[in-house]
Amino acid sequence: MKPFGYVAAKDSEHAVALLAEYGQGAKVLAGGTDLLADMKFTPHPPPEVVVDISRAADLKGIALTDAGLRIGALTTHSEIVHSAVVHQVAPALADAAVVIGAVQTRNLGTIGGNLMTCVPSMDSGPTLLAFEALVTIAGPSGRRTIPLSDLFVAPRKTSLAVGELLVEVIVPKANLYKPTAFQKFGLRKGQALALVNAAASFWTSEGLFSEPRIALGAVAPTVIRAPKAEAYLSGRPVSEEAMAEAGRIAATEAKPITDFRASADYRRDLVAVLVKRALAGAWDRATPNQKELAS
Ligand SMILES: Cc1cc2nc3c(=O)[nH]c(=O)nc-3n(C[C@H](O)[C@H](O)[C@H](O)COP(=O)(O)OP(=O)(O)OC[C@H]3O[C@@H](n4cnc5c(N)ncnc54)[C@H](O)[C@@H]3O)c2cc1C
């Protein structure tokens with residue numbers, strides 16, 4: 001690995017100050033599972049200085065707040081897997097976290113790092129999009145909260161400006177307990193990037209799908225929603241046939257590529273199957289009370 005500078009931030013405010021000081025030449029280091037491999041194995045020059053945020057306590061932790069479920073950017077995938085509050089209010093987040101890499105990667109890798117890599121196959125993205133999550137960003141001119149969907153711009157490119165830091169992810173209060181499920185298909189059961197991943201959520205109202213949300217990974221330049229499939233479901237009676245048709249529609253919204261892992265056609269077929277399974281999984285997760293409202 002080529003030499004690089006190193007500074008450690010005490011907290012998020014200090015991290016923003018350090019990022020402002022070093023500007024374009026600085027790169028944030030969280031768990032390092034992606035960044036260090038990138039610095040070691042890619043030919044482009046390393047950052048001038050790495051700003052290590054791993055000791056910033058205010059970026060850690062999972063808690064219920066007035067806004068909803070707050071997950072600090074530095075929260076590791078293992079912490080999400082083992083969080084009682086996640087299992088209570090948004091268990092699909094734990095389903096997505098537990099399939100990331102192996103236990104060593106989950107112990108170091110963070111939710112903020114996962115989102116900031118902005119690779120289309122990221123496993124945190126689809127479930128958070130299905131929950132319509134928000135993200136808070138800190139920068140030299142203060143903090144702003146935006147929909148997560150606005151973070152993703154292109155492969156490995158987010159909307160964060162130079163000097164900005166991802167602080168937290170918020171699942172809005174209105175979407176806590178929303179029946180949601182995540183599906184991933186890789187070439188192996190473990191330690192495999194997704195060929196396709198998908199998440200789905202919906203409420204039910206008088207037997208009809210209400211506010212269905214479908215998100216897809218690894219089939220477009222970024223993680224995406226499937227608005228046509230969502231529109232198809234909205235207001236329709238809950239049924240297996242409707243779930244299957246939504247999967248078929250979502251497959252037409254995907255724009256997968258063919259690469260050494262799989263063909264575009266195979267990925268499209270996977271979208272249809274995984275969306276159907278995610279919708280069925282969300283339905284399985286609905287409480288008896290929610291199901292009663294749907295009958
Ligand atoms: C063996 C292995 C297996 C893996 N398997 C999977 C998998 O199955 N699924 C999957 O989704 N990913 C997988 N990954 C990728 C990676 O582990 C995850 O994306 C992880 O969550 C990255 O988090 P991190 O804290 O390690 O990020 P880092 O490596 O520290 O940072 C990643 C990027 O995000 C930036 N960054 C980090 N935190 C912030 C912040 N708070 N604000 C602004 N920028 C920030 C960094 O500058 C860097 O560009 C795997 C990686 C390895 C090495």
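- S263 and T258 share no donor-acceptor pair across their side chains, judged by distance under 3.5 Å alone.
- The shortest heavy-atom contact between C118 and F152 is SG-CD2, 3.7 Å.
- Taking every heavy atom of both residues into account, A90 and L69 meet most closely at CB-CD2, 4.3 Å.
- Between A220 and P120, the shortest heavy-atom distance links the atoms O-CB, 3.2 Å.
- For the atom pair CG of N114 and OG1 of T75, the computed distance is 12.5 Å after rounding to the nearest 0.5 Å.
- The closest side-chain donor-acceptor pair between S159 and D150, if any, does not fall under 3.5 angstrom.
- When all heavy atoms are compared, the tightest approach of S124 to H77 is OG-CE1, 3.9 Å.
- Under the side chain to side chain contact (heavy atoms under 4.5 Å, CB included) test applied with I71, the options I170, I111, V85 reduce to a single match, I111.
- E241 has no carboxylate O lying under 4.0 Å from a charged side-chain N of R236, or vice versa, which leaves the two without a salt bridge.
- The neighbour count for K27 NZ, taken as heavy atoms of other residues, nucleotides or ligands under 6.0 Å away, does not exceed 12.
- Applying the 6.0 Å contact sphere to CZ of R144 captures more than 12 heavy atoms from other residues, nucleotides or ligands.
- In this structure, L166 and T158 have side chains that are not in contact, with every pair of non-hydrogen atoms separated by 4.5 Å or more.
- Side-chain contact of S121 with R261: a donor-acceptor pair under 3.5 Å is absent, judged by distance alone.
- Contact check on R267 versus D259 returns a salt bridge, with a Lys/Arg side-chain nitrogen under 4.0 Å from an Asp/Glu carboxylate oxygen.
- Ring orientation note: the planes of Y266 and F185 are nearly perpendicular, at an angle over 60° on the 30°/60° scale.
- For the pair R285 and D95, the salt-bridge criterion is met [side-chain N within less than 4.0 Å of a carboxylate O].
- Remark: side-chain polar atoms of E253 are paired, donor with acceptor, to backbone N or O of K228 under 3.5 angstrom.
- Hydrophobic clustering (side-chain heavy atoms under 4.5 Å, transitive across Ile, Leu, Val, Met, Phe, Trp, Tyr) keeps V167 apart from L128.
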